[in-house]
Protein chains: 2
Amino acid sequence: MDLHEQLRARGYRLTPQRQLVLDAVTALGHATPEDAHAWIQLRASGVNISTVYRTLELLEQLGLVNHAHLSHGAPTYHAATAPEHVHLVCRGCGMITEVEPAEVEPMTGMLREQHGFQADVGHLTVFGECATCVP
Amino acid sequence: MDLHEQLRARGYRLTPQRQLVLDAVTALGHATPEDAHAWIQLRASGVNISTVYRTLELLEQLGLVNHAHLSHGAPTYHAATAPEHVHLVCRGCGMITEVEPAEVEPMTGMLREQHGFQADVGHLTVFGECATCVP
DNA sequence: GTTGGTGCAAAATGTTTGCACGGGG
DNA sequence: CCCCGTGCAAACATTTTGCACCAAC
């Protein structure tokens, strides 16, 4: 099901801007609103930054992108077509590693059973230090 | 070791403002810069918000407070004297639950052994839905 | 008396909104 | 042709910075 149909099914229109924002997030893998905006500027006449914000919000409602909070505060979006994953962010070098949700299942299972808490794994970010940066 | 000594040991001065900011964070448990500022206004003539920011940054350097990212984007500080803990944030009702680091040891141990990643547990926040909000 | 810390105001940053025009359906 | 979506500019919220004065030591 392509973007056009996804939008029409909910009464929204397909515009070049919306396609570009989704393309940007898909191509970049991890993109802040500014990252996506910059990517678009490189290959199109330009999309206003406020349209990028509005579009990311819409795409997230549609379930086409998700966001997590990586580098402090800035929301980072990634396409929902990519498999859900946990992010490890290294404070030393800034490197971002992706980990399979299955690997943290022991923790999420514990939270569910012990605390009745249903964790949103796709939104989970673990800060720390990677192998090369550990003191 | 009290705040005065902690500061002097590193060449900083003790001021009423610094004591108040630390008091605010300790009393509130979880406090954004604005929360701390508001708490101080209630019992002292007033501390400028920019001083609150500068002081929180300093106290974090000294290891007297830590911060995590709870409600999207806003940094939330807590006193380092409180035992380190993981935060569970419910998207439904906003409730914040604290979990012992020992409980997530299976995950942090796995990250350390499988990925060489040393997780900062005190900074870890898990978003999801609590028992009463799960659909 | 020195020097670092604070208050104030302005700037920088990131995000949202009101409105009129233009393009998608 | 209608109305949603966009660009633009302004409003907004949050955090940072420059500078003169004041207080800690």
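Chain letters run A, B, ... following the sequence lines, proteins first and then strands; every chain starts at 1. Not measured: the values here are computed from a predicted model.
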For C:dT15 and A:Y53 - does any side-chain N or O of the residue sit under 4.0 Å from the phosphate oxygens OP1/OP2? yes
For C:dG24 and A:H4 - does any side-chain N or O of the residue sit under 4.0 Å from the phosphate oxygens OP1/OP2? no
Could you tell me how far apart [X] ([atom1]) and [N] ([atom2]) are, to the nearest whole angstrom?
X	N	atom1	atom2	answer
B:L20	C:dT6	CG	P	11 Å
B:Q61	C:dG4	CD	P	15 Å
A:Y77	C:dG14	OH	C1'	12 Å
A:L56	D:dG5	CG	P	15 Å
B:R10	C:dT3	CZ	P	22 Å
B:E57	C:dG5	CD	P	13 Å
B:Q19	C:dG5	CD	C1'	16 Å

Students often mix this up, so state it plainly: with edges at 30° and 60°, are the rings of A:H78 and A:H87 parallel, tilted or perpendicular? perpendicular
Quick check on DNA chain D: between B:Y12 and B:A74, whose nearest nucleotide comes earlier from the 5' end? B:A74
So, for B:H85 and B:H30, is the gap between ring centers shorter than 6.0 Å? yes
Count the heavy atoms belonging to other residues, nucleotides or ligands that lie under 6.0 Å from CD of A:E57, then report whether that count exceeds 12. no
Enumerate all atom pairs, one protein N or O and one N or O from nucleotides 6-10 of chain D, separated by less than 3.5 Å.
unit_1 : atom_1 : unit_2 : atom_2 : d
D:dT6  : OP1    : A:T15  : OG1    : 2.8
D:dT6  : O3'    : A:Q17  : NE2    : 2.9
D:dG7  : OP1    : A:Q17  : NE2    : 3.3
D:dG7  : OP2    : A:N48  : N      : 3.1
D:dG7  : OP2    : A:T51  : OG1    : 2.6
D:dG7  : N7     : A:R54  : NH2    : 3.0
D:dG7  : O6     : A:R54  : NH2    : 3.4

